[in-house]
Amino acid sequence: MTLRIGNFSGFYGDRFDAPREMLTGGEVDVLTGDYLAELTMLILARDRLKDPSAGYARTFLRQLEETLGLAHERGVRIVTNAGGLHPAGLADTVRALAGRLGIPVRVAYVEGDDLTARYPGALAAHAYLGGAGIAECLRAGADVVVTGRVTDAALVTGPAAAHFGWTATDHDRLAGAVVAGHVLECGTQATGGNYAFFRDSGGLRRPGFPLAELHADGSCVITKHPGTGGRVDVGTVTAQLLYETGGARYAGPDVTARLDTVRLSQDGPDRVRVEGVRGEAPPPTLKVGLNRLGGFRNEVVFVLTGLDIEAKADLVKEQMGEALAKSPPAGVRWELARTDRPDAGTEETASALLRLVVRDPSQEAVGRVLSGAAIELALASYPGFHVLAPPGKGSPYGVFEDVYVPQGDVDHVAVLHDGRRVTVDAPHDTAVLDDVPPPALPEPLPPGPARRAALGLVAGARSGDKGGNANVGVWVRSDDAWRWLAHALTVERFRELIPEARELPVTRHVLPRLRALNFLVEGILGEGVAAQARFDPQAKALGEWLRSRHLDIPEALL
């Protein structure tokens with residue numbers, strides 16, 4: 001017995017037509033839509049400040065208006081976290097939409113994640129719930145299930161548990177579903193999107209959305225509808241498995257999945273079999289994401305063209321420093337991006353960008369002070385002075401942090417389509433997380449000639465954010481390359497290649513079955529994506545920067 005679970009959204013703003021593509025492109029039993037991220041929760045919280053009835057992903061309603069009838073005709077259930085901060089409100093709106101369209105659907109929702117009242121000063125504080133509440137809604141006959149903040153994988157563990165009759169102690173089976181859910185959660189990232197070896201991903205212009213053929217034992221096959229773009233292979237699935245993860249233990253409220261037990265194999269064109277996943281009892285605590293306003297920020301980007309780039313940068317830094325000293329913001333950061341080339345054929349390629357970012361609890365300190373100081377230099381600074389855009393009045397920025405609460409302290413409730421409220425008990429079987437002992441490394445390659453070259457000629461990478469931390473997963477596609485990578489890319493070498501990480505805690509996790517290393521870099525993103533602490537605030541391209549760095553690589557691998 002197979003359960004086909006597809007994905008139609010990896011973030012709030014994903015391809016609008018994806019639900020219709022998934023409903024018409026092939027067989028599917030359940031469609032899941034992931035709309036929530038750390039930054040999205042802050043955006044929805046600010047929406048709710050303006051309108052208490054807001055707080056959910058409105059795009060989902062417009063998508064559903066076009067596809068609800070089709071889903072009903074085909075018997076496809078829909079599970080989504082588009083409820084955001086107001087799942088009850090979205091559920092009511094979906095019912096009203098169904099009534100207006102004359103489609104008899106049963107709508108349920110999950111609540112209990114909202115802990116904002118417990119954290120004064122937070123715009124939003126939400127616990128990451130598991131899939132048990134979703135499972136209750138589906139067992140009771142819901143056609144559409146709306147949640148707030150659940151783990152991304154819960155959108156798959158819930159339907160799987162309901163369909164196969166799994167219990168909370170079916171750890172291996174649940175772990176298999178968690179792995180499937182993690183692969184599906186970011187949509188087309190599993191089918192060639194954002195893939196390091198994108199030139200191998202045929203038809204990448206419009207990759208299809210992924211689906212998992214789940215089995216009762218927790219194993220699955222990752223695939224996509226026939227004829228859609230992109231590709232599904234061991235590489236694309238490996239890349240997504242490493243995305244925003246840490247070590248061998250991938251903890252969630254339903255189960256802790258052991259990523260070091262995952263076995264991947266090509267099962268035909270655009271089909272990857274995932275099996276062997278072991279699970280352990282979940283931790284006794286739930287993660288709670290806190291979003292609050294951190295203050296105000298403003299920026300200005302000075303364009304430096306032609307000769308004497310460094311001297312021009314020094315001049316404007318000195319001039320701006322004197323002006324800002326009269327009322328200094330709490331935080332000042334300069335970044336010089338040397339995008340210029342010598343003897344350039346265009347003015348753009350002859351120019352470098354000098355970026356100034358200021359932060360302060362007061363909007364006045366980052367608004368008029370900065371704009372006045374920058375504008376006054378227009379005729380009094382370096383030759384060729386201009387900026388990409390004049391600074392504004394300053395905008396609020398958010399700060400994300402995570403805390404943990406006992407699972408039993410959260411009221412996880414499934415509100416069924418008939419109004420009944422079912423309390424979801426916290427798991428009785430839990431285990432405190434410990435680090436997995438480091439696995440044995442493979443035998444190193446024998447000595448031989450090497451050549452200075454980019455790491456990306458041999459290895460793929462995918463990186464992402466978790467609060468103020470970033471992870472960089474690095475993998476290779478052959479056993480010989482793994483024998484080299486496991487010994488060559490140490491923490492010390494990583495710090496050499498990524499200078500930003502030299503003074504930060506860096507942890508390396510080894511995943512031999514995936515031929516992969518996963519590096520966790522703590523604090524590189526400051527206070528999270530909403531704080532925009534660096535040029536790439538979500539570390540999306542950190543892995544690509546690493547791949548572009550040069551080191552000595554055995555010629556046999558090139």
Side-chain angles (χ1 to χ4, degrees), residues 36-38 41-42 45 81 83-88 109-137 147-158 161 166-175 177-178 181-182 244-259 278-292 399-415 421-436 466-469 520 522 528:
L36 301 184
E38 293 169 2
M41 298 298 282
L42 178 63
N81 60 17
L85 278 60
H86 195 9
Y109 66 94
V110 177
E111 66 179 19
D113 60 297
D114 192 348
L115 305 183
T116 307
R118 301 188 193 182
Y119 298 93
L123 280 179
H126 290 257
Y128 288 71
L129 302 180
I134 296 170
E136 289 287 353
C137 294
T147 77
R149 178 72 278 187
V150 296
T151 64
D152 301 335
L155 301 178
V156 172
T157 62
W166 297 340
T167 67
T169 56
D170 285 320
H171 294 146
D172 289 347
R173 295 177 176 89
L174 286 168
V178 163
H182 183 64
E244 295 181 346
T245 58
R249 285 191 166 103
Y250 185 60
D254 296 309
V255 68
T256 294
R258 289 288 298 265
L259 298 183
R278 298 296 303 274
E280 300 170 344
T285 57
L286 291 178
K287 176 181 173 180
V288 179
L290 300 183
N291 285 277
R292 58 181 173 82
V399 171
F400 176 89
E401 62 178 308
D402 51 52
V403 298
Y404 292 83
V405 299
Q407 289 221 32
D409 284 4
V410 175
D411 298 323
H412 188 174
V413 177
V415 184
R421 300 175 61 84
V422 178
T423 298
V424 177
D425 294 330
H428 299 292
D429 185 14
T430 63
V432 176
L433 289 177
D434 289 318
D435 290 334
V436 174
K466 282 294 182 186
N469 304 330
L520 180 66
E522 298 180 40

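Computed from a prediction, not measured in an experiment: that's the story for all the values here.
- For His182, the ring-ring contact (aromatic ring centres under 6.0 Å, His included) test picks out Tyr250, with sequence neighbours left out.
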Is there a side chain to side chain contact (heavy atoms under 4.5 Å, CB included) between Asp114 and Leu85? Walk through the geometry before answering. CA-CA 7 Å; Asp114 192 348; Leu85 278 60; 5.6 Å; no
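- For the atom pair Glu38 CD and Glu244 CD, the distance stands at 7.5 Å (nearest 0.5 Å).
- The two residues Ala168 and Leu174 have their closest heavy-atom pair at O-CD1, 3.9 Å.
- Legend: residues meeting salt bridge (Lys or Arg N to Asp or Glu O under 4.0 Å) with Arg292, ordered by chain and number and at least two apart, are Glu401.
- Rounded to the nearest 0.5 angstrom, Leu290 CG and Asp402 CG are separated by 8.0 Å.
- Side chain of Asp254 to main chain of Gly131: a donor-acceptor pair is present (N/O by atom type, distance under 3.5 Å, no hydrogens or angles).
- Atom-to-atom distance recorded for Asn469:CG and Glu522:CD is 5.5 Å, nearest 0.5 angstrom.
- Taken from CZ in Arg258 to NE2 in His171, the straight-line distance is 13.5 Å, to the nearest 0.5 Å.
- At least one donor-acceptor pair under 3.5 Å links the side chain of Thr116 to the backbone N or O of Ala125.
- Minimum heavy-atom separation, Pro283 to Gly252: CD-O, 3.5 Å.
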Checking side chain to side chain contact (heavy atoms under 4.5 Å, CB included) for the pair Leu123/Leu42: CA distance, chi angles, key distance, verdict? CA-CA 7 Å; Leu123 280 179; Leu42 178 63; 3.7 Å; yes
Would Arg173 and Val255 count as a side chain to side chain contact (heavy atoms under 4.5 Å, CB included) here? Give the steps. CA-CA 10 Å; Arg173 295 177 176 89; Val255 68; over 6 Å; no
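- In terms of heavy-atom proximity, Val410 sits nearest to Leu115 at CG2-CD1, 4.2 Å.
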Test side chain to side chain contact (heavy atoms under 4.5 Å, CB included) applied to Asp409 and Arg118, step by step: CA-CA 11 Å; Asp409 284 4; Arg118 301 188 193 182; 4.0 Å; yes
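- In plain terms, the two heavy atoms of Asn291 and Phe400 that are nearest each other are OD1-CD1, 3.7 Å.
- Between Leu36 and Asp152, the shortest heavy-atom distance links the atoms O-OD1, 4.3 Å.
- The main-chain N or O of Gly279 is found under 3.5 Å from a side-chain atom of Asp172 such that the two form a donor-acceptor pair.
- Considering only heavy atoms from C-beta on, Leu433 comes within 4.5 Å of Thr256 through its side chain.
- The backbone N or O of Pro87 lies less than 3.5 Å from no partner atom in the side chain of Glu111, so there is not a single donor-acceptor pair.
- Using a 4.5 Å heavy-atom threshold, the side chains of Arg149 and Asn81 count as touching.
- No option in Val424, Val413, Ile134 other than Ile134 meets the side-chain contact (heavy atoms from CB on, under 4.5 Å) test with Val110.
- Interatomic distance, Glu280 CD to Arg249 CZ, rounded to the nearest 0.5 Å: 4.0 Å.
- Pairing each heavy atom of Tyr109 with each of Cys137, the nearest pair is O-SG, 3.8 Å.
- Contact of the Pro253 side chain with the His412 side chain is not registered, since no non-hydrogen atoms from C-beta on lie closer than 4.5 Å.
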